[in-house]
There are 2 protein chains.
Amino acid sequence: MRMQDIARRLGISAMTVSRALKSDASVAPATRAAVLKAIEELGYVPNQIAGSLSSSRSGFAAILVPSLNNPHFSETVLALGNALDDRNMQLLIGNTEYDRRKEAELVRAFLARKPEAIILTSDGHDPRILPMLAKAKIPVIEIWDLPTRPIQHVVGFSNELAMRGLIGALIGEGYSRITYLGEADDADTRGASRRLGYCEAMAAAGLAPRLCSIGRPPATMSDGERGLETVLAAYPDTELVACVSDPLAFGVIAACQRRGWAVPGRMAVSGFGDFEIARIAVPAITTVQIDAAGIGREAGAIIGEAFKARRDAPPAAIIRPVPALPCLRASTARVR
Amino acid sequence: MRMQDIARRLGISAMTVSRALKSDASVAPATRAAVLKAIEELGYVPNQIAGSLSSSRSGFAAILVPSLNNPHFSETVLALGNALDDRNMQLLIGNTEYDRRKEAELVRAFLARKPEAIILTSDGHDPRILPMLAKAKIPVIEIWDLPTRPIQHVVGFSNELAMRGLIGALIGEGYSRITYLGEADDADTRGASRRLGYCEAMAAAGLAPRLCSIGRPPATMSDGERGLETVLAAYPDTELVACVSDPLAFGVIAACQRRGWAVPGRMAVSGFGDFEIARIAVPAITTVQIDAAGIGREAGAIIGEAFKARRDAPPAAIIRPVPALPCLRASTARVR
DNA sequence: ATTGCGTATGTTATCGATAACATCGTAGGC
DNA sequence: GCCTACGATGTTATCGATAACATACGCAAT
């Protein structure tokens, strides 16, 4: 069924049907009502593929995330989706699985569908995607980081500084034998930035870094359970395990509790991200607070601004930093 | 840049370029190589919107989930996405937020993009979507449940029987003062089926149901923290809280631990779904094991079968039950 | 009465790839 | 040496909505 069929039925032209479906176009109220009624009765659903080809507006934005079943990004995706709902746009979600090659494939596949904006959550990019993105002439937003060489817009924070701040605060609490537990093969990922921040904070306090790694990104709760062994094998005198993320920290705490070790007391543990589990777990987990939903909302706002700018003036890159502050909780409380 | 531009540059026709991009079409190897080289050099990305309009194959499937930041569905979505990767299809994800109206809007919006299959994870449907789905003439797969009146294909299990089995097993362990903690406003949701299963198991043992609810779906860890109060206010002698999901159970356990109550011992708690947190938490949480990723993979397989069937024979509805078995863990262990 | 303008609608061309059909050349069978 | 068949490529029409332009009508201002 096409618009033509609706039109013929009402003795009008397809163009009038098309206009009746756009809320701003000028159509007589009676005509519009008749069109909407006929559409409802016939169960007609417009073919947006044809519409997109004609109008060269696809009506969706694309987002690439490194991992979906991870509270970090699902909250951001959710908030961005809601923000786009208001503009009547859909969100196409791609999962890069922390793999640059997969990221590049997805960028190509998504660009073929002519998204009106693209959001990248991936860490370091395959260089081949840059010319593709440039040619697409759409807003590009990198989130969840502050890249040294941004492609265009950015909504994020420095993972390095955030972790440095957290470790600095923990050193201030009196901890010194702090061991970092991150992911293996984390080159060019946010995990690597956090590790760097840890090293800087340790160096600033005159302490030698103590680094361990477990599993490939993303770090899971199960990795944390196994990770405690790794940490203790390498640094038996560890008094605090600083983890690259909250789920990992939760796993480490669980492993401690299975051994009958008090957290805090026998061992302290910190995470990163401040997701629900960090607040609910017993003990509550010391972490870095990130407004994951806020990042999604801001990205949505930037898409709006970029569309307006394109009409008014040459678009300028927007760099929007979001706060990332240490949040000390029970899991690292000092115990007399 | 269009195919025409690539073609002109090589002195061939656009059709040959199009064929060179499909792996099965007959093109001379030398020609194909030249085309691919030119495409690479020019950074050309085919316009799939035009391709879809012409070939009437959109190259994606749509999935509606009630909630994204919920391990239940993100694992399924992930697995389905991977299954579709193999068929070179993309996955369009929609979030209904447990809202029928939103589900209906999304179905309409998605159908406008002509998906080649649609997967529904939502519970009860808005009746208006049925004619729309029928007209679309694409495979429809309902997952995560066994509807009494399936639209077409199904990959799922009976939430009612699964919860009945779990509660039955717990009664077998010697529990009797079991209070159910679910969501408010759960009419026509999986939560309601689980609640029903609980009631049946209690009735079968000659026990009166003890029902509590907290928050709207989806139940969160935070709901669990608050939920313990609700349970104790209504049924102070509760010895086991049977929760509608694992995150809720985790929150209840955390609340118990904050009070200094031993779990198990002072209170036992069960969940549903068997997600990572249920295995890692201390104590590990008694739950119903569901292979969430397996559901996604099966759905992908059904899409494949449906496409083949459409060519060969009239398509038949496939009902594929998946196991949902009780898994007793430490959180409900009997303590002398 | 005439001009002019705005509102409601129709007509035509177009977006870019691909299905379907047409053509051309050549290798192989007899 | 002729015919067939198939492999490689070109040509044309088409998918369905919409942008851009064209038209018709009515009402207000002069």
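Per chain, numbering begins at 1; letters A, B, ... match sequence-line order.
- Using a 4.0 Å heavy-atom cutoff across all strands shown, A:Thr16 reaches sugar-phosphate atoms only and no base atom.
- Across all strands shown, A:Arg32 has no heavy atoms under 4.0 Å from either base or sugar-phosphate atoms.
- Between B:Ala28 and B:Ser55, the residue anchored closer to the 5' end of DNA chain D is B:Ala28, taking for each the nucleotide with the nearest heavy atom.
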Query - Steps toward salt bridge (charged side-chain N to carboxylate O under 4.0 Å, His left out) verdict (B:Arg101, B:Glu105) - result: CA-CA 6 Å; B:Arg101 182 166 358 186; B:Glu105 283 168 16; 5.5 Å; no

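- Among the atoms of the strands shown, none is found under 4.0 Å from any heavy atom of B:Lys114.
- Along DNA chain D, the nucleotide closest to B:Ile12 and the one closest to A:Ser52 are compared, and the more 5′ of them pairs with B:Ile12.
- Crowding of B:Glu41 atom CD: a count of heavy atoms from other residues, nucleotides or ligands under 6.0 Å exceeding 12.
- Nucleotides of DNA chain D that come within less than 4.0 Å of any heavy atom of chain B span, from the 5' end to the 3' end, D:dA8 to D:dG16.
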Requested in this report: Go through B:Asp126 and B:Arg108 one step at a time and tell me if the salt bridge (charged side-chain N to carboxylate O under 4.0 Å, His left out) criterion holds.
Outcome: CA-CA 12 Å; B:Asp126 185 318; B:Arg108 163 167 243 118; over 6 Å; no

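- In this structure, the separation between CZ on B:Arg9 and OH on B:Tyr44 is 14.0 Å, given to the nearest 0.5 Å.
- Summarising the geometry, the separation between CZ on A:Arg8 and C1' on C:dG10 is reported as 15 Å, rounded to the nearest angstrom.
- At the heavy-atom level, A:Met15 lies under 4.0 Å from base atoms of the strands shown.
- Look at CD on A:Gln4: it is 12 Å from C1' on C:dG10, rounded to the nearest Å.
- Around atom NZ of B:Lys37, no more than 12 heavy atoms belonging to other residues, nucleotides or ligands sit under 6.0 Å away.
- The CZ atom of B:Arg87 lies 7.5 Å from the CD1 atom of B:Ile303; values are rounded to the nearest 0.5 Å.
- Position along DNA chain C of the nearest nucleotide to A:Gly11 versus B:Ser18 favours A:Gly11 as the more 5'-ward residue.
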